[in-house]
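So that the names make sense, note that chain A is the first sequence line, chain B the second, and so on, each numbered from 1. Bear in mind that the values here come from a model prediction, so they are computed numbers and not experimental data.
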Amino acid sequence: MAHWLLKTEPEVYGIDDLRREGLTDWDRVRNHQVKIFLRDAMARGDRCLIYHSNAEPTGVVGTAVVSGQAVPDATQFRKGDEAFEPRATRQAPVWWARPVRFESRFARCVELAELRKEPRLRGMAILKRGNRLSVTPVTAAEFACIEAMGGRARGG
DNA sequence: GCCAACGTTGGC
DNA sequence: GCCAACGTTGGC
């Protein structure tokens with residue numbers, strides 16, 4: 001089983017939106033490297049950290065689970081939507097999404113500054129200068145470390 | 001295929 | 001609001 005970190009802006013779609021919906025397609029990703037993660041690298045059952053960016057505070061706020069196969073990102077077919085992709089057809093989608101299911105909301109936000117201070121997290125992509133990928137792999141150890149820092153209560 | 005210009009991301 | 005990083009675009 002692999003582990004991932006999913007970045008999202010809470011003003012657009014945050015952990016509370018995910019908790020309310022329960023299940024959502026992780027979509028609107030417009031970066032080819034991340035597309036490959038979503039479409040090919042993820043597997044059902046993989047666990048994900050949910051990270052709030054452009055937020056106060058910024059940090060990891062909960063977890064989710066990959067709950068199915070990749071699907072064509074529906075937003076690419078919506079004319080007028082900022083996510084519209086004119087090159088895409090139903091037969092040959094350009095962008096892909098993944099269903100993810102809410103798992104937990106941490107007792108507290110594990111803030112970016114704390115992540116930076118933790119030696120066990122030194123290798124995380126999100127902490128590397130210039131990182132802009134909205135989905136990045138994390139190790140099982142990093143996942144467990146952050147989950148413990150967040151004081152996750154089972155059932156969230 | 002190169003690369004300058006431009007746009008976006010995202011922490012601060 | 002600033003600005004570093006970096007992806008994309010488009011002229012050549």
Rounded to whole angstrom units, what separation is found between the CG atom of A:Asn131 and the P atom of B:dT9? 13 Å
For A:Glu9, does the CD atom have more than 12 heavy-atom neighbours from other residues, nucleotides or ligands under 6.0 Å away? yes
Using atom types as modelled and distance alone, determine if a side-chain donor or acceptor of A:His52 lies under 3.5 Å from a backbone N or O of A:Ile15. yes
Could you tell me how far apart A:Leu127 (CG) and B:dT9 (C1') are, to the nearest whole angstrom? 16 Å
For A:Ile126 and C:dC6, what is the distance between atoms CD1 and P respectively, to the nearest whole Å? 14 Å
Given atom CZ of A:Arg30 and atom C1' of B:dG10, what is their separation to the nearest angstrom? 19 Å
Salt bridge present between A:Lys35 and A:Asp73 (N-O < 4.0 angstrom): no
Name the pairs: protein N/O against N/O of nucleotides 2-4 of chain C, kept only if under 3.5 Å.
from: C:dA4; atom 1: O3'; to: A:Arg129; atom 2: NH2; distance (Å): 3.0

Contact under 4.0 Å: A:Tyr51 side-chain N or O vs B:dT9 OP1/OP2: no
Looking only at side-chain N and O atoms, does A:Arg28 offer a donor or acceptor that is under 3.5 Å from a partner on A:Thr8? no
Might you confirm whether atom CD of A:Gln33 has over 12 heavy atoms from other residues, nucleotides or ligands at distances under 6.0 Å? no
How long is the line joining NE2 of A:His52 and C1' of B:dC12, in whole Å? 19 Å
Tell me, which of residues 109-124 of chain A have any heavy atom that sits under 4.0 Å from an atom in DNA chain B? A:Leu112, A:Arg116
Rounded distance (Å) that lies between atom C1' of B:dT9 and atom CG of A:Leu6: 17 Å
Once the angle between the rings of A:Trp26 and A:Tyr13 is folded into 0 to 90°, is it parallel (under 30°), tilted (30 to 60°) or perpendicular (over 60°)? perpendicular
How is A:Ser134 classified with respect to the nucleic acid when contacts are heavy atoms under 4.0 Å: base, sugar-phosphate, or nothing? nothing
A:Arg132 CZ to B:dC12 P, straight-line distance once rounded to whole Å: 16 Å
Give the cluster check for A:Trp95 versus A:Val71: same hydrophobic cluster or not, with ILVMFWY residues linked at side-chain heavy-atom distances below 4.5 Å. no
Is there a donor-acceptor contact under 3.5 Å from the side chain of A:Glu111 to the main chain of A:Ala113? no
Round to a whole Å and report the spacing from CD of A:Gln33 to P of B:dT8. 20 Å
Looking at A:Pro72, is its backbone amide N or carbonyl O close enough to the side chain of A:Arg39 to form a donor-acceptor pair, meaning the two atoms are under 3.5 Å apart? no
